[in-house]
Structure formats: structure tokens, C-alpha cells
Amino acid sequence: MTTTAEGPPVGFGRMTRKEDARFVRGHGTYVDDVRLPGMLHGAVLRSPLAHARIVSIDTSAAEAHPKVKAVITGETLAGLGLAWMPTISYDTQAVLATDKVRFQGQEVAFVVAEDRYAARDALELIDVEYEPLPPVPDARRALDPDAPVIRDDKEHQSDNHIFDWSAGDKDRTDEVFAGADVVVAQDMLYPRVHPAPLETCGTVADMDAITGKLTVWSTTQAPHAHRTLYAMVAGIPEHKIRIISPDIGGGFGNKVGIYPGYVCAVVGSIVTGKPVKWTEDRSENLMSTSFARDYHMHGEIAATRDGRIRGLRVHVIADHGAFNATAQPTQFPAGFFGVFTGSYDLAAAHCTVTGVYTNKAPGGVAYACSFRVTEAVYLVERMVDVLAAELGLDPAELRMRNLLRPGQFPYQTQTGWEYDSGDYPRALQLAMDIAHYEDLRREQAEKRERGELMGIGVSFFTEAVGAGPRKHMDILGLGMADGAELRVHPTGKAVLRISVQSQGQGHETTFAQIVAEELGIPPEDVEVVHGDTDQTPFGLGTYGSRSTPVSGAAAAMVARKVRERAKIVASAMLEVSPDDLEWEKGRWFVTGDPDQGRTMAEIALAAHSTLELPEGVEGHLDASCVYNPPNLTFPFGAYICVTDVDADTGQVKVRRFIAVDDCGNRINPTIVEGQVHGGLADGVGMALMQVIAFDEDGNCLGGSFMDYLLPTSMECPSWELGETVTPSPHHPIGAKGVGESATVGSPPAVVNAVVDALKPLGVRHVDMPLTPAAVWRAAQGRPLRTDLAIT
Amino acid sequence: MQVPAAFQYERATSVEQAIELLTRYGPEARVVAGGHSLLPMMKLRLAQPEALIDINGLGELALIRVDGHELAIGAMVRHADLLASAVVGEHFPILRDAERVIADPLVRNRGTVGGSLCQADPSEDLSAAFSALRATLVAQGPGGRRTIGIRDFFLGPYETVLDEAELLVEIRVPIRSHASAYRKVERRVGDWAVVAAGAVLEISDGVVTEAGIGLTAVGARRFVAERAEDFLRGGRPDDEGFAEAGRIASQECRPTADQRGPVDYKRHLAAELTTRALRAAAARAEGQEA
Amino acid sequence: MRITVTVNGEQYTRDVEPRLLLVHFLRDELGLTGTHWGCDTSNCGVCAVWLDGTPVKSCTVLAAMADGHEVRTVEGLAQGAELDPVQQGFVACHGLQCGFCTPGMMMTARWLLDRNADPSEEDIRKAISGQVCRCTGYENIVRAIRWAAEHGGGARTADAGTEPAPGREEVRA
């Protein structure tokens, strides 16, 4: 089943996925599928309170349980120097709480037992006495002078402030605003959501006491970074650590960080001398691992009366939870929020972001957000619609007037980003054509006459992916460049080793196609090895849509190195100068004499043979490389959403969704479309139902799939896709990332559509998620606050 | 993954034996049918019964029968079977409407009608639907069988009048010339109701001779809106009356705020959905599909 | 307690705790790890298997309840080396990405096609509405099931679940 009707492409094009053969048979290997001889099972005891001092922990009853092998507490870890670990934002995070618990669901103790049921039972036998403290669940109150200090463990920390960050030119922006015909402001919340991959996080840690080698099967999107961090945190020599990231049941950013449970499993294995498996349950996943968003934003937009957007001004309160554990490049504490100027030609822009601690789970960047581009795009795309409403202009028309023109690329934004390439008006026009935009507006007008609420929402996004140039981008000092290694065996079959790891993106297929394209051998002949640090070169991992922009480039570059080596070998075979050879897909031939040539397979065999090679040529064709991207890539797209709203119940139906994406050259269009489909469903989910809210006591109100709703097949329409192709000028194969484009671009389209539907009722904005209650209350002019308990 | 605490497991081979087992184990035993309410609570350790009496083997409770002028639904009938039943669809569209929006197809394959009623979850759709229909429940205990009007069955959230050793065996609904409908607002397909309403109308010569209104998830006493029913009885089945019945129903329920919505919204929905269900039932009475 | 369960046509007898969930019985006792679990609360459906010919969520069924009954899992979907048309459809239409929901989706798809050889898009969406996919946006899952219907996948006689479960028939007295 790896061929299409026309046969598989030798390179780019549609082909079925190589990895599917095992998945459809139920033969994937996910972390919880790993079973080792003598393996024990761990379970984490978690805090029921959001903020409390730990008075005492009594583990004696748990230890007496006949199947319990070890009970680990913060005190145990403190003895090993492991009670706290560094986060990837240069903060610290408790592995197991010693002094206080700072969010509901925080890790307090770890039990290792003979089976998973017994481990769970033992949790109930641990007696923890807490002294409750007043919690801070509301980011907007975190900096109140009387707010309790959450991080009293940190010297010099006397409030809940984490950082202030700004971008753009404040004075210039203030000037532009002062001179503008029209200024509109809007508060909006991008609520806390959770990526919720269907496979929860887990690990199997196996410390071999004799060899001193630690092997960790783990749900990680960044196995190499994890290895280095384990070495730094636990002091285990890095060459004695092997991280295996097997099949992963979805990541979406949830599996970037290192969680306390992983560290506990490692310690559990060290303590017991046996392999230890720990797998989260769903509540643990939703309540304790990386959340996303939680941006409280105030936006202002300035424009001329005739609809030229002049400037944007933004202030954000960023809720980072109890520990600043967000994952983003070091110099970017607000991620890439600086791209909030979006896809428009502005005279000036300025933003400030204030990060705060709250008694909520740590995290902040996760969930297909391209390091906060999601929040940035939501902000600007809502502001443009708010402006359109103010000016009485059609939102598509207003965008068309202000989009960057093709001739402006590469484009330097007001906040210092250089967009690589784009043809924005073409993409928007295509989306409008697919949607039959004018017909939709006519239909809407007719329905409004009859009192029916129909909405048409437009959004345009510019993504910023492929982190990143190592000069500017690192995580804990590790530059964000990726390695690749390519071996070509004597018979011409190849093995590509890459540092990025698939959580469903189809790397085993796509990366084989990249090599196939460059070497002219079938993708079937290229085996892709990934997800095992002992077998792959160093790299920072898969998130932020960086696999194709960074590792994809590395794969192409290493294949080109092999191709160049093949040229030398071919020249020896053909007894001509390399300068007299030309490449066509799969073969070097003599210029002017195309019959005289050698295929890659022939060359590979010769490279391993007795053939005498020129001085200084070592033989074989194998090569390796490290790719350090010169810039990010900037995919973009135009989305249109059509909704019907029942004013009397508040129910929203997404009737149509049109998505035109431009991610440069497409390696496997089928896989690209699949990535877009998934992101669109995510966007509908976030816009309509997904939220992790908290009550005033800091209790998490989204701790199970009964409360944290994910979209089903019934909420998703049949997606209507379109594409334009504007290659990235600096990427070796002209590709851009696409993994998160739809997640970035779709939420504002849905919200814009619902607000558009409610326009006759005078509604200008509704915060996500647009649940029936939220929509109905907005229509009543009494909007709900969606991040807190509904009262 | 969350797992239940340990318990004794007994598989009942007959109703009588199930009752014997219940008697033997006493108050710490629970009957398990489909298990789709009980097992999740046990996994969360909100329920820790010492013994589970599994009645899945009781085929005699898994039948849907027309018995004289009554439809008899065995307590072990799965939701999917109630939904698929032609006789139910013909005479009790309110049940078909409700079943279509209860959980999802896989849960409906396993969950049972009797289990749903005995759980007495305030958000459970069938409680309101059968209450609107004025169903009669047949329970069997050590002393034999008794019948209980459904409006006397529920004592409160998660609480019924069943004795410890009593088993719900059958639900009986009179087959009469009536029309019915059920309308629900959910945050997402498969979610519990934000609010739902069921309506049953008997209409004779343009006058409502009997009405049943069931309300889900709004704290309605015994899942019904009696004052609204009283209002409808003897009136004309028209939109104005239905709207007024909805308004009355919304006033006699006691919704509480949660993440599904604030009180004012739920009260509004109680009115809106009651009205819609009544309109749909009346349309069906006219032979129109609604 | 000792239970005997027929899984994919083979009988397995094991001593288990009464509280053992069917999904753990399949995965941990029998090593059939194609069936996954994802949510604890019977919302996500990645644990879907057939019990007596009907798909159920195996995280909310006790292994003890399957004693003496027939279970069919993704490992029993192919007929020997030949993939079921549903499996072929998922490959052909890119109906899976991370693969975690896929076994459950395919078990429901097979069940649907056994009962409705030519399901509409709406029929398919309803059938899988209790199962969450985070990767595909459902589009290609729907297409995969349609593909199977169009490629000989409809109304294939199942090799398991021929025993009618209680309550399948309606008796008119």
C-alpha cells in the first residue's frame, strides 16, 4: 500500500505513508506499550489544593503495602539534590514539593509498586497534612499589592511578577495613534487551553546499575534536548543516557518539556534497580502538564477614515502559572508574540507583555502555537474585525486594502522580523473565490431580514516557524540547529538519521521523499531513523513547525553532500573530470554525452568497491551535516468560516470552513493537507469549547474530558482547502513549515464569524470559548468571563 | 490510568439470585449493568463499593415488549436498542429524540436504560423523558415485585426509593394516542445536557387533555414541571400557550451555575426548550415530522 | 478470579483481579497493545473494541464482564495477511497521523459497514462521534471509511461477534 495508482513519486508528490503499515495493524509501539522484564509501575500523588504549605507527609502506610517497592518524596529528592529542577525558561520547578504546593495537581510524592493498580492504591495510603494558603487563580489580580507571593522560595521575589518585555517603537507608535482618524480598543482573552494529545505523557526509565547506562523511553518531542537536560539535572554522564521516543500518540507541544513524573521514574529506577514505568492518567495530563495561551490582551488599532491601518498598540498580561516553564527561545520570553503586526503594512507598532505567576499549572507555550504566534494572530485579526465594524467596511475588503504586497518582500516588520516571501492578496482572493464570498454576503443579508443569524468570518495569518538561527535562538543555551546523517549502502539503499521526532507528522515518509528528490532514488529505498538519541545526530526536536524548515533543510543538504561525493566517484568511474559531469535526477552523466552516465546505485556500489578514487577521496558516500537556518520561514494563509447561530440557545454551527494555505513547496501534499485538517479542528475546538478554567479556590475546572471538551466529527465541517505556493527563498527546497498554520489561523476566523453573526444584536467581541452560554450572554450584553468559574 | 479500588465481584444468573446477592452483601454492594456511570466514579474513587453484582447476564431483562396496552422495557435494555426499536420510534418519539443525544454510539451500545434511571443523575436525559411519559417502574426485592410511579421514584440527585436489596427490572409506559418530543442543548455532541426538555401531549378535539413536561439538568423536582403541565391541561395546543408553559416551567425549576452555564441562561433555556419540545410534539400530533 | 475470554477467535484463560479493566486485560495480560486508552472517563474512544460483535469502550468494561464472551480487537481486523478494506482505506486516504485513535476508529468503521454497506458522510460522522481524533480533523477518516465502502468493505461478514448479545431482538407479545 505504499504506492499510488500512478506509482510512488521519486521525490515530492502524493504517496501513502510508510509508517501506516504498522499503525493500521495495531503494531505501533507507544511508550505505554513498552514492557521490560521486572518492570515496576509508578504513580504520582498530587496536591488537592492550589496553594498550601506542607506540614507533614506520612508515607509509612504506603510503604507497608505488600506490593510497594519505594515511596519517594521531596525530602528523598532533596537528599539527591533533585527536589527542584531548572525549567527551560531559566526558572526552577519543584519535582516533588518540599515547602509548599503551588497549584492543584502539583506533584507531592511518587510510589513505585509491582503493578499499576497497586501503585494507585498506595497513593491513598499517603497522609499529607496541608496548611491552606490564599490562592491566586486570576492573572489580572496577580500583581495586586496584597496578592500572596507564590514563589517565596525564590530569593528577591517579593511579588508575582516574572518579566516585562516589549517590542516595537513606543514613541513612534504613540505619534501614529495621536494623528490617526480612528482609534479602536478591545480587551480580549486567549484563554488557557491544553493540547490534550490522546496519548498522555509517560516514561519507562531503566537504569542499568552495572553499566551505569540510563535508557528512557519517553513521550518526548525533543529527545536530544531531554538527554542533555537529564545530564545537567541528574549529573548522569550524557554518553550514558539514551532517550528513546518511540511512536508518539500526538504531541502538539505537550511533550516538549520534562515533567516531574519523568524525573521521578528515573529516580525510581535508580532506587529500586528495576525499570519503572509511569504513565499519566488524563486528569494528571490536563491538570499538571503544559497548558497553552492564557494571554489577557488589550489591543488598540489606529487607522485612517478610509480604512488604511496605521498602527497597533498592545498590552498583555501573560499567565505563566506557578513556575515559569514555558518553552521558547531564550531571548523571547513572550515567544514570537512580536509578530502581532500580522500581515499588514503598518506605520508603527508597539507591545508590552508582563508575565505573572499564578496558582495554576506551569507552562505557557504548547499546543501548536508556534511560540505565541497564535495569540499574536488572534489579537491582530480580531482587531482588524473590530476596526471593520467601526468603519462599516467589509472585513475582507479592509484586509485586502492593507495586506502586504508581493513586491514588499522580503519585508521588515515594525517589530524587527523579516518575512521571507509571500503573495497575500492572491491567497485571500482564492479563499474568497472558493467560498463564493459575495454570494455568502447576499445570503447573510437575506437571512438578517428574516431575523436569522449567519456569520462570515475572515482571517489572514502570517506564521513564523523554523526556529531558528542559532545566533538568536537557543533553548537553555542549546542553539536551534539540527543535524542529519545519510548513509548510502553499497546497493544504493539509504538510511537517513534525523534529530527531529514524529508525533504523527509522517517523518518516515516526508524525509524519505526529501532524500529521494535529491538523490533520485525511490522513497521506499530510504529508511528514516529517528527518535533514538543513540542512533541519531543532535538537534532540538519537533515543535514550532520546525521539522521541515530546519531538519528538512538538513536532510536536503546532507543528500546534496552525498550527491557531490557521488559526483567524484562517478567521475572516476567514467574517467572524466567532475567538471564535465551533469546531474539529472538519480544519475550523473557526461556533459554532451548523456548515454555516458552512472546511476546512484551504480555509484554507491563503486564507492564501496576496489575502484581507485582520486587523491583525498575516502570512499563510501556517507555524509553528515548541521543546518543552521538563516531566518525563520513565514507561511501564511487566508481562512473563511461560515457559521449559523441560534440566538435563542446560543448554539453555534460551523457550516463551512475554507482554508487557503501557502507553505511554500509541498513535499507530500497529502500530508500537508492532513496537517491543515487537524489544525482547523483544533481551531474550532479552541474557539467553541476548549478551556481550562479555575474557580476562586484555584480548583481546575477542566480536569477531564467530561469537562475539557474536544471537538468531534459532528462539530467539524468538511474542510474546503486551497493552496498557493510561494517558495521560501532561503530554504534549500523552498519549503516552509505547516504543522501549526491552521491552529494559528483558524480561531480568529471562527470567532470573527460568530461575532459577525451577532452583529445585528450589537455585539463587537466575545471571548473564547464560544459555548452556547457564552454566546447567549454576549447577545444579552452581559458577557461571561470564560477563564473563571461561571457563577 | 485511573483504576477502581478492589471489590468482590458476583455475576448474577437470575433476578432472584441478584436479589439474594444484594441481600447478602448489604449496603456496600452495588448493581452494575452497563457500568458507564458507575465505573468512571469507581475509577475516580468517588464510589468504592465492596461488591459489584453484575446483572449483564440477565437476558430476561433485556427485552422490549408490547404487553397489552403498555410498552415494557427491560432494565437491561441498552440505549442502542431503545434507539433502534421500531415500536419505540412509532409510539414514543420522545425516547428516540432523547436516545439520539445520549452520550455517543459506543456508550449507547453498553449503557442501559435501567442503569440510567437508577443512577438518578440530575443531567440524565431518560429520567426526564420517562417522567414526562409518566412511566411506571417495576422493582423486585426479597418480598417480590412492586410498581412505582416514576414521579415517586426519584428522591433527589443520585437517590431513588429503591431499597438496598431491590432491583429495577422493567419500565412500563402506556401506549396511548399522544405526541411527544425531546429537545436538548449541549455544549458539544455527546456532552451532558446544559438543559433539556421533554414534552408529551394528549390532544382531543383541539384541547390538551394531558400534558407531561420533563426537565433535565435544571434541578426540577422529580424531573418534571408540574405547574406548567397544569397550565396546559384543558388549554389549546397553540404557540402562545406553549410559550407560557415554557415560562412557567422555567420558574419552577432550580438550576445552578456550573461550567455549562449561569443560572439565568439555564432558566432561559428551560423556557425555550420546553416551548420547542411542546411545539415539536404538537406538530407531530398533526402528523408533521419535527 | 479465573476468566476465559475469546479474543480474535482464540480462547485465553487468566487469573485476574475483578477490578481489572478490559483494556488492561488486553494490553497487559495478552500483550495486545493495539488497543489504547486515553481518557479514563469513556469520552475519547481510543479503547474501542468489539464485545460480542458490538463496539464498546473497553476502559469502562471489566475484564470479568467479558468472561465467556467474544472480543475482537484491531489485531483481529485483517484476514491473515490481507488487510481489511477499512485498514486499506485508512492507508489510502491518509486517515491517520499519530495512529493512536486509529484502532478504535477502524473497529467502529468495520461495525458500521457491516450494518450499512453504503453509509453517507453523515452516517459516518455520527458513527464515530464518540471517538476523538486530535490529528486529522476527521476529514480523512470519513474519506477512509467511504473508500472502504467503495472497495468491497461493506457488509463483510465478521469473524467474531456472531453470538447475539442480550437485547438484540425485539419481542412483540
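Naming: A, B, ... by sequence-line order, numbering from 1 per chain.
- Residue A/Leu198 touches chain C through both its backbone and its side chain, counting heavy-atom pairs closer than 4.5 Å.
- Counting heavy atoms from C-beta on, the side chains of A/Cys716 and C/Arg125 come closer than 4.5 Å.
- For the set C/Ser129, C/Pro103, C/Gly34, the entry with the most heavy-atom pairs within less than 4.5 Å of chain A is C/Ser129.
- Here the side chains of A/Arg17 and C/Leu96 are in contact, with some heavy-atom distance below 4.5 Å.
- With a threshold of 4.5 angstrom between heavy atoms, C/Gln131 does not approach chain A through any atom at all.
- Among residue pairs with one or both ends in residues 1-11 of chain C, those qualifying as salt bridge (charged side-chain N to carboxylate O under 4.0 Å, His left out) are C/Arg2-C/Asp15; sequence neighbours excluded.
- In this structure, the side chains of C/His94 and A/Glu673 stay at 4.5 Å or more apart for every pair of heavy atoms.
- Taking each heavy atom of C/Val91 and A/Thr16 in turn, the nearest pair found is O-CG2, 3.6 Å.
- Ranked by non-hydrogen atom pairs under 4.5 Å with chain C, the options A/Ala742, A/Gly674, A/Gly679 are led by A/Gly674.
- Contacts of C/Val46 with chain A are made by side-chain atoms alone, with heavy-atom separations under 4.5 Å and no backbone atom involved.
- When atom types are taken as modelled, the side chain of A/Trp719 and the backbone of C/Gly137 share a donor-acceptor pair closer than 3.5 angstrom.
- Under the 4.0 Å criterion applied to side-chain N and carboxylate O atoms, A/Asp32 and C/Arg27 are assigned as salt-bridge partners.
- Using a distance-only test at 3.5 Å, with no hydrogens or angles considered, a donor-acceptor pair links the side chain of A/Arg282 to the main chain of C/Gly38.
- To the nearest 0.5 angstrom, A/Asp707 atom CG is 9.0 Å from C/Asn43 atom CG.
- Within the 4.5 angstrom heavy-atom criterion, only side-chain atoms of A/Tyr30, from C-beta onward, approach chain C.
- For A/Ile671, the parts lying under 4.5 angstrom from a heavy atom of chain C are both the backbone and the side chain.
- With no hydrogens or angles considered, a side-chain donor-acceptor pair links A/Gln675 and C/Gln97 at under 3.5 Å.
- In terms of heavy-atom pairs under 4.5 Å with chain C, the best-connected choice from A/Thr29, A/Leu680, A/Thr670 is A/Thr670.
- Side chain of C/Glu139 to main chain of A/His677: no donor-acceptor pair is present (N/O by atom type, distance under 3.5 Å, no hydrogens or angles).
- Considering every non-hydrogen atom in both A/Ser704 and C/Thr41, the closest pair reads CB-CG2, 4.4 Å.
- Contacts of A/Glu199 with chain C are made by both backbone and side-chain atoms, with heavy-atom separations under 4.5 Å.
- For chain C, the option among A/Asn285, A/Asp121, A/Leu286, A/Leu709 with the highest count of heavy-atom pairs below 4.5 Å is A/Asp121.
- Atom CZ of residue A/Phe23 and atom CZ of residue C/Phe100 lie 10.5 Å apart, to the nearest 0.5 angstrom.
- Only the backbone of A/Pro195 comes within contact range of chain C, with heavy atoms under 4.5 Å apart.
- Looking at A/Thr200, the atoms closer than 4.5 Å to chain C (heavy atoms on both sides) all sit in the side chain, from C-beta outward.
- Ion pairing between a basic and an acidic side chain is recognised when a charged N comes within 4.0 Å of a carboxylate O; A/Arg25 and C/Asp84 show no such pairing.
- The backbone N or O of A/Pro197 sits nowhere less than 3.5 Å from a side-chain atom of C/Arg134 that would complete a donor-acceptor pair.
- The shortest distance between side-chain heavy atoms of A/Thr279 and C/Trp37 falls below 4.5 Å.
- Per-residue counts of heavy-atom pairs under 4.5 Å with chain A were compared for C/Glu122, C/Gln87, C/Glu17, C/Glu121; the largest is that of C/Gln87.
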From CA spacing to verdict: side-chain contact (heavy atoms from CB on, under 4.5 Å), C/Leu21, A/Tyr117: CA-CA 10 Å; C/Leu21 299 167; A/Tyr117 283 50; 3.6 Å; yes

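- Listed here is the closest heavy atom pair of C/Cys98 and A/Ile248: CB-O, 3.4 Å.
- A donor-acceptor distance shorter than 3.5 angstrom exists from the side chain of A/Arg35 to the backbone of C/Asp28, with no hydrogens or angles considered.
- Contacts of A/Asp247 with chain C are absent, with no heavy-atom separation under 4.5 Å from either backbone or side chain.
- Residues that satisfy the side-chain contact (heavy atoms from CB on, under 4.5 Å) test with C/Cys133, not counting sequence neighbours, are C/Cys101, C/Met105, C/Cys135, C/Thr136, C/Tyr138, C/Ile141.
- When A/Thr712, A/Val676, A/Asp682 are compared by the number of non-hydrogen pairs under 4.5 Å with chain C, A/Thr712 comes out ahead.
- Of the listed residues (A/Gly250, A/Gly249, A/Gly504, A/Ala21), the one with the most heavy-atom contacts under 4.5 Å to chain C is A/Gly504.
- Summarising the geometry, atom OG belonging to A/Ser718 is positioned 6.0 Å from atom CZ belonging to C/Arg143; distances are rounded to the nearest 0.5 Å.
- Heavy atoms closer than 4.5 Å to chain C are found nowhere in A/Arg22, neither backbone nor side chain.
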